[in-house]
Novice: 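First, the structure itself, so that you have it in front of you.
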Amino acid sequence: MIPPTTPAAHTNTGAIRSLGKNPATAPIVLHPGDAISASRRVLYIIVLGALTALGPFTIDLYLPAFPVLEADFQTTAAAIQLTLTGTMIGFALGQLIVGPLSDKVGRRIPLLSVTALHVAASVFAALAPTLGTLSIARVLMGAGAAAGGVVAAAIIRDLFGGRRLVIMLSRMAMVSGVAPVLAPLAGSALLLVMNWRGIFVVLAVYGAIMLVSAVLFVPETLPPARRGGPGTTTVWQRYASVFRDRVFIGVLIIGAMTFSGLFSYLSASSFLFQVTYGFNPQQYGVLFAVNSVGVVVGVQVASRLAARFGPQWVMAVSTAVLVLAGGAIVLTDQLGLGLWGTVVPLFFFMTACGFTFPCAQVLALDRHGKAAGTAQSIIGAANFGVAGVISPLVGLLATGSGITATTMASVMVGCAIVGVIALWALVRPRTVERLAP
């Protein structure tokens, strides 16, 4: 129930304002978001989804330019991959800061401050004279884009719970999921009319638009009265509250391993398809977009299945598919089946990623509503931090022989196997209670 005597609740969230001037006569709701009008929910989905999409755009938009960057800086593919690693490390560190801070001071201040950092870092990247400078800029861009995903998920958790949380997160993911589809296509198209530096100018403009949108449309959903509480008053206590949860640790590992498998593909795909298979940047962008559609489809179907059967059981299937699809890529490559032998199982791998991500997120956030920002920051930091360490292994394995489907998929399979072990050893699907209404 929303306390009718809490003044801050009437001034700080769009949800509470919709209850009217006399909260004593307002209907009883389980979560603040239950009182939000349908049109305002749509607005939140669009704006928060676009803020979350800033991260994927920051990562994916410049992927088609990897071979161009390699030639321009006269360096190696592994060195260019490190700029992607730097971005993910920035994401990880940024989320570890932004998440707990948003639980302490509210959602808006961290969101606006860190998004402004992204704009400045994008301009810095566009002007970078050396690869080292570009790498530093990419770390800062990753940190700046971190706020969108962390705070957006925390805002949704502030407003919703149970099965509606699954629905809202999946709808927001549908908006943000357009980013991986559009980003490589947009990056390929931009390379036809500008050099790689122009891509970072575009990212700066996108970040500026999202900064203005956040100022105008994103309310404060964590009023002062809800920023403290027993066991969650300090950063360390909030971290302790989530790390004591066995299920949270399990889904944290599953999410990080799935993300690492995905980024092993991201870091290697530009070289694999453009160098090994001879694609041009535009063909690569189309292929990348098709695979990204698999992620979007997986997210949307998973939300319906998770609400009905439970997210833990959806992950039981999706993590198994990750292992099988990754193994199929290795097998078909060793049998010499060529391009189609790689892209078909790769599509299934990407779709299984789409099934896994929202289920892991829902299980983590639904259990820790009072520390939603901290929980989401840990998830994001683990995803990008672990992926930043693991994804360069593809380049290391390919040293001297070039990146192949086998070197890429070997890392993907290894990550998927660890995820399966975490599901059955830590999460233990039979022990997880059903989602609340």
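Basis for what follows: all heavy atoms, side chains included, without hydrogens, waters or symmetry-related copies.
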Novice: About how many Å separate CG of Leu69 and OH of Tyr62, when rounded to the nearest 0.5 Å?
Specialist: 7.5 Å

Novice: Closest approach of Gly187 and Ile199, non-hydrogen atoms and distance?
Specialist: O-CD1, 4.3 Å

Novice: Mind checking the CZ-CE spacing from Phe217 to Met210? Nearest 0.5 Å is all I need.
Specialist: 10.0 Å

Novice: Is there side-chain contact between Leu339 and Phe279, with heavy atoms separated by less than 4.5 Å?
Specialist: yes

Novice: Going by distance alone, is a donor N or O of one side chain under 3.5 Å from an acceptor N or O of the other, for Thr342 and Tyr277?
Specialist: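 Distance-only check passes for Thr342 and Tyr277.
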
Novice: Using modelled atom types only, decide if a donor and an acceptor are shared between the side chain of Arg197 and the backbone of Ala128 within a distance under 3.5 Å.
Specialist: yes

Novice: Determine whether the aromatic ring centres of Phe200 and Phe124 lie less than 6.0 Å apart.
Specialist: no

Novice: Could you give the distance from SG (Cys353) to CE (Met350), rounded to the nearest 0.5 Å?
Specialist: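 Cys353 atom SG to Met350 atom CE measures 6.5 Å (nearest 0.5 Å).
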
Novice: Determine all donor-acceptor pairs shorter than 3.5 Å in which one atom belongs to a side chain in residues 109-120; sequence neighbours excluded.
Specialist:
from	atom 1	to	atom 2	distance (Å)
Ser113	OG	Ile109	O	2.9
Thr115	OG1	Leu111	O	2.7
His118	NE2	Thr58	OG1	2.9

Novice: Less than 4.5 Å apart, any side-chain heavy atom of Leu63 and any of Tyr284?
Specialist: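 Counting from C-beta outward, Leu63 and Tyr284 do come under 4.5 Å.
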
Novice: To the nearest 0.5 Å, what is the distance between CG (Leu134) and CG (Leu127)?
Specialist: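 The CG atom of Leu127 is 11.0 Å from CG of Leu134, to the nearest 0.5 Å.
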
Novice: Heavy atoms only: give me the nearest Met141-Leu203 pair and the separation to one decimal.
Specialist: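 Minimum heavy-atom separation between Met141 and Leu203: CE-CD1, 3.5 Å.
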
Novice: Closest approach of Leu346 and Tyr265, non-hydrogen atoms and distance?
Specialist: CD2-CE1, 3.4 Å

Novice: Would you say Thr431 and Arg246 make side-chain contact, with heavy atoms under 4.5 Å?
Specialist: yes

Novice: Could you grab the distance from atom CD1 of Ile253 to atom OG of Ser260, nearest 0.5 Å is fine?
Specialist: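 Answer rounded to 0.5 Å: 11.5 Å.
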
Novice: For the pair Val413 and Ile417, evaluate side chain to side chain contact (heavy atoms under 4.5 Å, CB included) and give the outcome as yes or no after the intermediate values.
Specialist: CA-CA 6 Å; Val413 171; Ile417 291 174; 3.9 Å; yes

Novice: Under the side chain to side chain contact (heavy atoms under 4.5 Å, CB included) criterion, do Tyr44 and Leu159 qualify, and how do the steps go?
Specialist: CA-CA 11 Å; Tyr44 284 173; Leu159 299 175; 3.6 Å; yes

Novice: What's the shortest heavy-atom distance between Val394 and Ala268, and which atoms?
Specialist: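 It is CG1-CB, 3.5 Å.
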
Novice: Hey, is the main chain of Ala146 close enough, under 3.5 Å, to the side chain of Gln95 for a donor-acceptor pair?
Specialist: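 Looks like no, no N/O pair under 3.5 Å.
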
Novice: Answer yes or no: is there a donor N or O on one side and an acceptor on the other, between the side chain of Glu70 and the main chain of Phe66, under 3.5 Å?
Specialist: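 The answer is no, because no donor-acceptor pair under 3.5 Å joins these two groups.
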
Novice: With a sphere of 6.0 Å drawn around CZ of Phe348, does it hold more than 12 non-hydrogen atoms of other residues, nucleotides or ligands?
Specialist: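 Open.
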
Novice: Using the rule given for side chain to side chain contact (heavy atoms under 4.5 Å, CB included), can you reason through Ile390 versus Phe263, listing the C-alpha separation, both sets of side-chain angles and the distance that settles it, and then say yes or no?
Specialist: CA-CA 8 Å; Ile390 291 179; Phe263 269 82; over 6 Å; no

Novice: With a 4.5 Å heavy-atom cut-off, do Phe357 and Thr258 have their side chains touching?
Specialist: yes

Novice: When the ring planes of Phe248 and Phe243 are compared, do they come out parallel, tilted or perpendicular, using 30° and 60° as the limits?
Specialist: perpendicular

Novice: Ignoring hydrogens and angles, tell me if any N or O in the side chain of Arg138 forms a donor-acceptor pair with the backbone of Leu82 under 3.5 Å.
Specialist: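 No, Arg138 side chain to Leu82 backbone: no donor-acceptor pair under 3.5 Å.
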
Novice: Find out whether Val317 and Phe355 are in side-chain contact, i.e. whether some heavy atom of one side chain is under 4.5 Å from a heavy atom of the other.
Specialist: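 No; the side chains remain at least 4.5 Å from each other.
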
Novice: Mind checking whether Val251 and Met315 have side chains closer than 4.5 Å, heavy atoms only?
Specialist: yes

Novice: If you measure from OG on Ser188 to CD on Gln283, what distance do you get to the nearest 0.5 Å?
Specialist: 10.0 Å

Novice: Search all heavy atoms of Gln274 against all heavy atoms of Pro64 and return the closest pair with its distance.
Specialist: NE2-O, 3.6 Å

Novice: With side chains defined as the heavy atoms from C-beta onward, is the minimum distance between Leu252 and Ile379 less than 4.5 Å?
Specialist: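 The answer is yes; the side chains approach within 4.5 Å.
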
Novice: What are the two closest heavy atoms between Phe349 and Gly326, and how far apart are they?
Specialist: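 That closest heavy-atom pairing would be CD1-N, 4.0 Å.
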
Novice: Are side-chain heavy atoms of Asp72 and Asn195 found at a separation under 4.5 Å?
Specialist: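 Side chain of Asp72 against side chain of Asn195, heavy atoms only: no contact under 4.5 Å found.
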
Novice: Under the side chain to side chain contact (heavy atoms under 4.5 Å, CB included) rule, what do Leu51 and Val151 come out as? Steps first, then yes or no, please.
Specialist: CA-CA 9 Å; Leu51 279 166; Val151 177; over 6 Å; no

Novice: Describe, in one word, how the ring planes of Trp196 and Phe73 are oriented to each other, choosing from parallel (under 30°), tilted (30 to 60°) and perpendicular (over 60°).
Specialist: tilted

